[in-house]
Amino acid sequence: PQIALIGEAYDGDVQGRLTGRMSFEDQGRARIEGRNQGGMRLYAESDGRLVGAEMIGPDVEHLAHILAFAIADGHTAQTLRQRPFY
């Protein structure tokens with residue numbers, strides 16, 4: 001699997017930072033293809049603005065690319081979810 005680190009690294013000492021986690025193990029298409037492994041963590045400021053992410057899994061470079069632009073553009077997880085993803 002691939003590994004991607006985007007933006008700021010995890011720092012558990014930062015006050016007010018939000019962390020979200022997601023497993024890639026229960027995604028339908030990946031399960032059918034036998035590639036359902038890995039996961040992701042997202043880091044955001046208390047206002048929801050994304051500041052970093054780390055992930056491991058098959059072909060994560062595609063998602064890493066999108067997250068790199070989202071972090072650079074100052075998006076929140078909510079605004080990122082409103083955009084189409086193909």
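No experiment lies behind these values; they were computed from the predicted model shown.
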- request: Examine distances only and state if a side-chain atom of Glu54 and a backbone atom of Arg41 form a donor-acceptor pair shorter than 3.5 Å.
  value: no

query: Is there a donor-acceptor pair closer than 3.5 Å between any side-chain N or O of Asp73 and the backbone N or O of His75?
result: no

query: Between Val60 and Leu80, is there a shared hydrophobic cluster once you connect ILVMFWY residues whose side-chain heavy atoms come closer than 4.5 Å?
result: yes

- prompt: Given the rule that I, L, V, M, F, W and Y join up when any side-chain heavy atoms are under 4.5 Å apart, are Ile66 and Met22 in one cluster?
  reply: yes

Which atom of Gln37 lies closest to which atom of Glu25, heavy atoms considered: CA-CG, 4.3 Å

- prompt: Do Ile6 and Tyr43 sit in the same hydrophobic cluster, where Ile, Leu, Val, Met, Phe, Trp and Tyr count as joined when their side-chain heavy atoms come under 4.5 Å apart?
  reply: no

Single-linkage hydrophobic cluster, 4.5 Å side-chain cutoff, Leu42 and Leu63 together: yes

Nearest heavy-atom neighbours spanning Arg49 and Gly74: CG-O, 3.7 Å

field: Joint hydrophobic cluster, Leu50 plus Leu18, side-chain heavy atoms closer than 4.5 Å
entry: no

query: Which pair of non-hydrogen atoms, one from Pro58 and one from Arg35, has the smallest distance, and what is that distance?
result: CB-NH2, 3.2 Å

message: Could you tell me if the side chain of Arg21 sits less than 4.5 Å from the side chain of Met40, heavy atoms only?
response: no

message: Quick check for you: to the nearest 0.5 Å, what is the distance between Asn36 atom CG and Arg29 atom CZ?
response: 13.5 Å

